[in-house]
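To start, the structure itself, in structure tokens.
Below, chains carry the letters A, B, ... as their sequence lines are ordered, and counting in each starts from 1.
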Amino acid sequence: MNDYNFAYLDEQTKRMIRRALLKALAIPGYQVPFASREMPMPYGWGTGGVQVSAACMIPEDVFKVIDQGADDTTNAVSIRKFFEKTAGVATTERTAEATVIQTRHRIPERALTEDQILVYQVPIPEPLRFLEPRETETRKMHALEEYGLMHVKLYEDIARHGHIATAYAYPVKVEGRYVMDPSPIPKFDNPKLRSAAIQLFGAGREQRIYAIPPFTDVVSLDFEDFPFDPSAAPHPCALCGAEGAYLDEVIMDDAGGRMFVCSDTDFCRERRAAGHVGAMGAPYEEDAA
Amino acid sequence: MYVAVKGGEAAIEAAHGWLAEARRGDPSVPVLSPDQVREQLSLAVARVMAEGSLFDEDLAALAIKQARGDLIEAIFLIRAYRTTLPRFGAARPVDTARMRPIRRVSATFKDAPGGQVLGPTFDYTHRLIDFALAAEGEPPAAREAAARAEATPHILDFLGKDGLIQQEASTEETPPDLTRQPLELPASRPLRLQALTRGDEGFMLGMAYSTQRGYGRNHPFVGELRIGMVAVELDIPELGFAIEVAEVMVTECETVNQFAGSKTEPPQFTRGYGLVFGQSERKAISMALVDRALRWRELGEENVGAPAQDEEFVLYHSDNIQGTGFVEHIKLPHYVDFQSELELIRKIRADAMREAAE
């Protein structure tokens, strides 16, 4: 693949994306329009994240990709291979060793550091989209800080279900100004949005980039008498015994037997390597799982 | 004991191997060459070039072969390739009045300078399966006539001379480029036309059809439909003049639509415009109807709430590469999100059942 520039995109395009990234960091939570390019993977499969990663990647970077928290999901494998080929950067599955992490639907359990960039793949960047389908209208609503509709929606959820019926892509307010969609991460991950790392969000098809600078205030929307509840699963991980991690539910047999395991595969590996064993786990061996 | 599923990488490799084999099909059947696709499936090639926004017949033919005949997949390959190409400059506007047409028809005048030229059309064929095509053999040579030496004037120009049709405002401004700037609304007409010409043929057809069935009706006549080769010229600053760098085939459709008028201006016919790479007249006609429907504001018409009048709706949903990517992405794993919904619904149900029990 030597016919392509470092990290696939040409330098002009990277410069355009970097400008959008800087603007996004300067106005936390604001959706910056950018001239998204066609990428060699389909829209909706991480083209925004891939463009953002390509624009901030340098040859010394160590790159990690996760989808649903795991490094070995097919689309994560495909994106990691893409950058191995087009940028020749080192890749890792270890969260602690990565300098750029591209993610779909999760924030790693391990707290990120100031030396790391977390890049989110975003399908629908507009938190108000399902309340108002028109882009022309929602841009106006953000400009006027007109977020009443969102609170009405959350209130109606409580009136109908007794709970806010949003379990992922739970809206947040960034630095007291813009309401932002954190991408479809489970609301369990929302408290991690206040982070030491730079968080960049890329929506390729919708041509938007937004960002959360390090240590920015990110508040999940709620009411005084109905405070935000990240809701952790009431089980430990069956492999590593972790409590308070986000768990995938796996159907084990035809009778519908279940087990719960860490969705963050590197977190689980790290714990097992440190000697933790869950109820259904085996003692850790290098490369065992 | 349970070991978490792994092996995405091996699975992807195996799937690609299987795909390559499936693409080839039965090896006892001769392999298809891109040349055969280019020459014998030329209308598929035209569609891939139009919606891929790249005029290269050989590349489009190869993409169709690689995509196993899935044209949207082929368009995707072309788009992803196109985006990596350097941009040397912008061509001068192509002059379709200087086109050498292989087909040129008007539905508004029985005859006009340049005449009605049917060209290679399906129009008056009977749609009966031709079993002879399953056998080998060459068709007899078609009859030939001398080509017309003079340029073929646009039919709508004749209406324009009498002031019967609205004139388009002319501008020296460089039009915006949809592939280099994010789409912002309201979009200018050049931007809209760019989106329509690369938009999905099926979507455009459906939108155009809906205007004919009353959802934003605009009474169109095909003033002229022409297909042929046009010269692409590029200004070379060092030379101080334009040189011809290529010839491309395009289909152009100009519609004549019902008149607008006001107290100060007498009524005039209005226009819709379609211009598409290759021989793609279904697309060009559809594009002209949708273009005309989107012009309601500028022409002082009422917005009746029809989908084809809605710029945001049409422009945001016409691109089949965006559409197919996003629609199909829901087959990717979503188990983290689903798990959070699962927990929520269990909690809500538990509350409800506890209340019912009390």
Chain B contact via [X] - which portion, at a heavy-atom distance below 4.5 Å:
{"X": "A:Met16", "result": "neither"}
{"X": "A:Tyr170", "result": "neither"}
{"X": "A:Thr166", "result": "backbone"}
{"X": "A:Thr74", "result": "both"}
{"X": "A:Tyr246", "result": "side chain"}
{"X": "A:Ile164", "result": "backbone"}
{"X": "A:Arg37", "result": "both"}
{"X": "A:Ala70", "result": "neither"}
{"X": "A:Pro133", "result": "backbone"}
{"X": "A:Arg139", "result": "neither"}

If I measure from the heavy atoms of chain A, does [X] come under 4.5 Å with its side chain, its backbone, both, or neither?
{"X": "B:Phe76", "answer": "side chain"}
{"X": "B:Asp310", "answer": "side chain"}
{"X": "B:Arg349", "answer": "neither"}
{"X": "B:Leu344", "answer": "side chain"}
{"X": "B:Thr84", "answer": "side chain"}

Note, [X] side chain near [Y] side chain (heavy atom, < 4.5 Å):
{"X": "A:Tyr43", "Y": "B:Val327", "answer": "no"}
{"X": "A:Glu206", "Y": "B:Tyr316", "answer": "yes"}
{"X": "A:Tyr168", "Y": "B:Val336", "answer": "no"}
{"X": "B:Ser340", "Y": "A:Phe188", "answer": "no"}
{"X": "B:Lys347", "Y": "A:Asp229", "answer": "yes"}

Can you tell me how far the [atom1] atom of [X] sits from the [atom2] atom of [Y], to the nearest 0.5 Å?
{"X": "A:Asp10", "Y": "B:Leu85", "atom1": "CG", "atom2": "CG", "answer": "10.0 Å"}
{"X": "A:Glu38", "Y": "B:Tyr81", "atom1": "CD", "atom2": "OH", "answer": "14.5 Å"}
{"X": "B:Ile348", "Y": "A:Arg160", "atom1": "CD1", "atom2": "CZ", "answer": "10.5 Å"}
{"X": "A:Ser36", "Y": "B:Gln181", "atom1": "OG", "atom2": "CD", "answer": "14.0 Å"}
{"X": "A:Met39", "Y": "B:Ile321", "atom1": "CE", "atom2": "CD1", "answer": "14.5 Å"}
{"X": "A:Gln68", "Y": "B:Asp337", "atom1": "CD", "atom2": "CG", "answer": "6.0 Å"}

Max heavy-atom pair count under 4.5 Å with chain B, selected residue of [options]:
{"options": "A:Ser263, A:Pro123, A:Gly162", "answer": "A:Pro123"}
{"options": "A:Arg80, A:His161, A:Glu249", "answer": "A:Glu249"}
{"options": "A:Arg208, A:Lys187, A:Met41", "answer": "A:Met41"}

Check: Are B:Tyr335 and A:Val250 close enough, and set up right, to give a side-chain contact (heavy atoms from CB on, under 4.5 Å), and what steps lead you there?
Finding: CA-CA 10 Å; B:Tyr335 32 77; A:Val250 181; over 6 Å; no

Heavy-atom neighbours of [X] [atom1] exceed 12 at 6.0 Å:
{"X": "B:Tyr215", "atom1": "OH", "answer": "no"}
{"X": "A:Ile251", "atom1": "CD1", "answer": "no"}
{"X": "B:Leu342", "atom1": "CG", "answer": "yes"}
{"X": "B:Arg23", "atom1": "CZ", "answer": "yes"}

Note to self: With side chain to side chain donor-acceptor pair (under 3.5 Å) as the criterion, how do A:Arg104 and B:His334 come out once you've worked through the C-alpha distance, each side chain's angles and the decisive distance to 0.1 Å?
What the structure shows: CA-CA 9 Å; A:Arg104 176 168 175 263; B:His334 281 81; 3.2 Å; yes

Next item on the list: Tell me, with the steps shown, if B:Glu9 and A:Lys81 meet side-chain contact (heavy atoms from CB on, under 4.5 Å).
Entry: CA-CA 9 Å; B:Glu9 202 158 333; A:Lys81 290 234 149 212; 3.2 Å; yes

Notebook entry, point to check: Between B:Glu343 and A:Ser231, do the side chains contain an N or O donor and an N or O acceptor separated by less than 3.5 Å?
Noted result: no

Check: If we ignore angles and hydrogens, is there a donor and acceptor under 3.5 Å between the side chains of B:Asp351 and A:His163?
Finding: yes

Notebook entry, point to check: Out of A:Asp248, A:Asn75, A:Asp67, which one pairs with B:Pro333 under the side-chain contact (heavy atoms from CB on, under 4.5 Å) rule?
Noted result: A:Asp67

Item checked: Side-chain (A:Gln207) to main-chain (B:Leu183) donor-acceptor, under 3.5 angstrom -> yes

